[in-house]
Structures are given as C-alpha cells and as structure tokens.
Amino acid sequence: MAMRTIRWGIIGCGDVTEVKSGPALQKADHSALAAVMRRNGDLARDYAERHGVPRWYSDAQALIDDDGVDAIYVATPPSSHQEYVLRAAAAGKPVYVEKPMAMSFAQCRAMIDGCRDVGVPLFVAYYRRALERFVAIRKLVRDGTIGDIRYVNVMLHQPLAADEANAATLPWRVVPEIAGGGRFVDLASHMLDFLDYTLGPIREACGFAGNQARQYPAEDIVSGSFVFESGVQGTGTWCFSAFDKFDRTDIVGTKGKVTYSTFDYTPVVVTTDTGTRQLAFHAPMHIQQDFIQTIVNELNGVGECPGTGESAARTSWVMDQLLSNSR
C-alpha cells in the first residue's frame, strides 16, 4: 500500500510545539509540517522561519482552508479547543488536539459528536500511550507480572512557581477561564489517562478541591478516590503549593507492584516476591513523535492511534468529578 505524506497545519504554535510536537510532525515518517498559525503574525512568521515551515498565518480559518493542509493540530489553550476542532471538522480535516481535551466533559462530547457527524477522526495528545517507558509499564501490568491488580495510588506535589506568585505574571495554566482549571487539569490529566489506558475506564470518582495558597484563581490541591470498571480502586493527591517536587504512582497487585513517575525518567521499579528490579528508559528528543506516528499510520490505513476523543473524554469526565465540589 502506497503511503501518502500527511501535511499538517498547527493552530497555536506556542511553547508546546517548539520541541515536543512541531519537530515531531516534521520527523515522523510520511508526515510534514506545511503551515502554522498564531494570532500574532510576527510570531507565526518567526516560528515558520526557524522551523523551516513553508507557510504561516495569523488567521485560523485561513490555515484550515489551505488546500495544502491535510490535517489540523490544535495546540491552543483549552478554552478554544472546541471551536477550532469543530471548525476543522467542518472542513473535513482530521484533528489532533492538545490535552486536556476541552474545558469540560460536555465540551468533549460536543467535539466527538461534531467530528463523528462529518466522519472526521479526532485524536488527543495523551502521548504517553505510545512512549516506550509507558508501553513497558502497561505490559507489566497487563501480562500478570504483578498479579491481579488491587489498587493504585497517585501522588504529585510541586512548589508554587515564581510566576504564580504575582498576579501580573500568572501563566494561563492557572487561569480557569482559559485552562479549565489549574495545574491539576494540566498534569493530572496525563496521569489519569495513562491509568485509563492501562487499567481500563474509571466508572466512579469523587474528590475534594481547594485553594490553599490563594495565589491564583484555580484550585491548587485536589484529592480523591475512584473505582475502575474492573473493580480496581484508586486514590490520588495533587498539591501545587508544597515544599518540594514529588511524583509517584504505585500500581499494586496480588504478586507485586509497579512504581513509576509520570513526568521524569527515573527508573521504573518492579517489586515481586522474587525481588526488586529497575527498568531505565531514555527520554526521546521529541516526546510526541511516537504518538504522532500512530496518527499518521492510522490516517494512511496501516495502524491505529491509541488516543482518541472517546478515550480522552473519559479522563475529562473523571477530572470533572474530582473537581465537582469546587465548581
């Protein structure tokens, strides 16, 4: 089967696209970055010149309507995800959208319905589903290495960042009107999505969210519990005004446990009755490249992407439940 080159257009060529995704769209097999858009035309032109992209725009619709663009990558903040996804779908173009997928589960459903109604595939950037490190963790869990899974515990805490202590410099990720929440929705979404991929969908969740440091409008602490459809239980605590950084997930079974961090590359630790072993992995240069390759392959009819609108919407639903007492 002849493989065509998928020509991508980026809406919102900001920081996330500099290393994580933009070059990945260029380096994946049968993939090319044809055009970029940013509301500030000077910044769009600068990005295009630095990355060797043929065309740039300051208007999103102009990029969507570009006949030389086959698929759209929406890399804007969540507040505009629904709008751009639906506009791309209306043009008949497959869409790859950053995470979290939208501002709420209701918006996710609207995006899924809009894409389905016109027959356009929708993918969401939960790229850990394709990273070697996380593929290996999933295999350990699913092949019975640690037995039948009983529970999972997630802990993530970080200090306040310098730009979060000044109202004049607040990053958009802690402004609910733009991000849909705070650091929780930005970071916990990756953690919860990978658990969905590894352990199956969560059927029930409840939580408590608060703003303890009162440095910005969004929640800065969330704790909660959840139950998977399989009966596996889980707990989590995410705090963003703590004294240091800590990132740990334990998946515990009847024969052992797997311990890993989500946001760094410390070794994965596997503990069973035969002892403890560590699995080391290297971070890829462009962290989204493996995932983007699965999208390109699916669009060419030779594979399947593991991260869809349907799976991503489940993670948004869980976060909505964990945040529900603060909204």
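Heads up: numbering here begins at 1 and tracks the sequence. Values below: all heavy atoms of this structure, side chains included; hydrogens, waters and symmetry mates excluded.
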Side-chain ion pair, R109 and E310, N-O less than 4.0 Å: yes
With a 4.5 Å cut-off on side-chain heavy-atom distances among I, L, V, M, F, W and Y, is there a chain of contacts connecting I221 to V174? no
Hey, are K99 and D193 close enough for a salt bridge, meaning a charged N less than 4.0 Å from a carboxylate O? no
So, is the end of the R129 side chain (NZ or CZ) under 6.0 Å from the ring centre of F291 and within 45° of the ring's axis? no
In short, I10 meets G22 closest at the heavy-atom pair CD1-CA, 4.3 Å
Closest approach of L299 and R4, non-hydrogen atoms and distance? O-NH2, 3.6 Å
I'd like to know whether V232 forms a side chain to side chain contact (heavy atoms under 4.5 Å, CB included) with R150, so could you lay out the CA-CA distance, the side-chain angles of the two residues, the decisive distance to 0.1 Å, and finally the verdict. CA-CA 5 Å; V232 172; R150 293 300 187 234; over 6 Å; no
When you compare the side chain of I6 with that of H30, does any pair of heavy atoms fall below 4.5 Å? no
Quick check against the 3.5 Å criterion: does N153 have a side-chain atom that pairs as donor or acceptor with the backbone of G234? no
Less than 4.5 Å apart, any side-chain heavy atom of D59 and any of M37? no
Indicate whether any N or O donor in one side chain lies under 3.5 Å from an N or O acceptor in the other, for Y96 and Q288. yes
Consider only side-chain N and O atoms of D66 and Y57, and report whether a donor and an acceptor are under 3.5 Å apart. yes
Where do K257 and Y151 land on the side chain to side chain contact (heavy atoms under 4.5 Å, CB included) test, with the steps shown first? CA-CA 10 Å; K257 68 177 180 178; Y151 75 89; over 6 Å; no
Check for me, please, whether F263 and F246 land in the same ILVMFWY cluster - side-chain distances under 4.5 Å, paths through other members count. no
Test item: V258 and Y260 side chains (from C-beta on) under 4.5 Å apart, heavy atoms: yes
Decide whether L25 and Y126 are clustered together by the hydrophobic rule: side chain heavy atoms of Ile, Leu, Val, Met, Phe, Trp, Tyr closer than 4.5 Å, transitively. no
With sequence neighbours excluded, tell me which residues meet side chain to side chain contact (heavy atoms under 4.5 Å, CB included) with D273. none
If you round to the nearest 0.5 Å, how far is CG of L131 from CD of Q289? 11.0 Å
How many angstroms lie between atom SG of C13 and atom NE2 of H51, to the nearest 0.5 angstrom? 8.0 Å
Indicate yes or no for a side-chain donor-acceptor contact from K255 to the backbone of D148 under 3.5 Å, with no hydrogens or angles considered. no
Spell out, as yes or no, whether a donor-acceptor pair under 3.5 Å connects the side chain of T169 to the backbone of D163. yes
Applying the side-chain contact (heavy atoms from CB on, under 4.5 Å) criterion to H81, which one of L86, V74, V95, V124 satisfies it? V74
Assess whether side chain to side chain donor-acceptor pair (under 3.5 Å) is satisfied between T266 and S261, documenting all intermediate values. CA-CA 7 Å; T266 55; S261 61; 3.0 Å; yes
Mark yes when over 12 heavy atoms from residues, nucleotides or ligands other than E204 sit less than 6.0 Å from its CD; otherwise mark no. no
Do you know the tightest heavy-atom contact between V16 and S21? O-OG, 3.3 Å
Hey, is the main chain of C305 close enough, under 3.5 Å, to the side chain of E298 for a donor-acceptor pair? yes
Could you tell me whether F105 atom CZ has more than 12 heavy atoms of other residues or ligands within 6.0 Å of it? yes
Candidate pair S223 and W238, rule side chain to side chain donor-acceptor pair (under 3.5 Å), full reasoning: CA-CA 6 Å; S223 62; W238 298 268; over 6 Å; no
Quick one, Y197 and S311 - any side-chain contact, counting heavy atoms below 4.5 Å? no
Any salt bridge between R183 and E219, counting N to O under 4.0 Å? no
Given the rule that I, L, V, M, F, W and Y join up when any side-chain heavy atoms are under 4.5 Å apart, are V222 and V154 in one cluster? yes
Can you establish whether the number of heavy atoms outside R39 located under 6.0 Å from its atom CZ is more than 12? no
Do I137 and Y127 share a hydrophobic cluster, counting only Ile, Leu, Val, Met, Phe, Trp and Tyr and linking them when any side-chain heavy atoms are less than 4.5 Å apart? yes
Answer yes or no: is there an ion pair linking D250 with R248, defined by an N-O contact shorter than 4.0 Å? yes
Where do A48 and V36 come nearest, in terms of heavy atoms and distance? CB-CG2, 4.1 Å
Less than 4.5 Å apart, any side-chain heavy atom of V152 and any of F228? yes
With rounding to the nearest 0.5 Å, note down the distance linking CD in E304 to CD1 in I295. 12.0 Å
Gap between atom CD of Q215 and atom CD of E164 - 0.5 Å precision: 9.0 Å
A side-chain contact here means heavy atoms from C-beta on lying under 4.5 Å apart; do Y73 and T17 qualify? yes
Does R87 reach the main-chain N or O of I64 with its side chain, forming a donor-acceptor pair under 3.5 Å? no
Side chains of Q107 and M101, heavy atoms from C-beta outward: is any pair under 4.5 Å? no
Test side chain to side chain donor-acceptor pair (under 3.5 Å) on N297 and T294 and set out the steps. CA-CA 5 Å; N297 291 348; T294 71; over 6 Å; no
Quick check on D264: does its CG atom have over 12 non-hydrogen neighbours (other residues, nucleotides or ligands) under 6.0 Å away? yes
Is NZ or CZ of R133 both nearer than 6.0 Å to the six-membered ring centre of Y265 and within 45° of the ring axis? yes
Excluding sequence neighbours, so at least two apart, what forms side chain to side chain donor-acceptor pair (under 3.5 Å) with D42? R45
What I want to find out is whether K20 reaches D15 closely enough, with some N-O distance under 4.0 Å, to be called a salt bridge. no
Here the gap from T5 atom OG1 to D70 atom CG, rounded to the nearest 0.5 Å, amounts to 9.0 Å
Could you check F184 against D186 for side chain to side chain contact (heavy atoms under 4.5 Å, CB included), going step by step and ending with a plain yes or no? CA-CA 5 Å; F184 171 76; D186 182 36; over 6 Å; no
Taking every heavy atom of A75 against every heavy atom of E98, the minimum-distance pair comes out as CA-CG, 3.9 Å
Stepwise, does the side chain to side chain contact (heavy atoms under 4.5 Å, CB included) test hold for W56 with Y47? CA-CA 8 Å; W56 61 269; Y47 185 98; over 6 Å; no
Between H157 and K245: side-chain donor-acceptor atoms closer than 3.5 Å: no
For atom CD of E132, decide whether the heavy atoms of other residues, nucleotides or ligands shown that lie under 6.0 angstrom number more than 12. no
Nearest heavy-atom neighbours spanning I251 and I146: O-CD1, 3.4 Å
Any donor and acceptor pair, going by atom type alone, linking the side chain of D29 with main-chain N or O of Q293 inside 3.5 Å? no
From T315 OG1 over to I202 CD1, what is the distance, rounded to the nearest 0.5 angstrom? 7.0 Å
Report yes if the side chains of F208 and S324 come closer than 4.5 Å at any heavy-atom pair, otherwise no. no
Hey, is the main chain of V185 close enough, under 3.5 Å, to the side chain of S189 for a donor-acceptor pair? yes
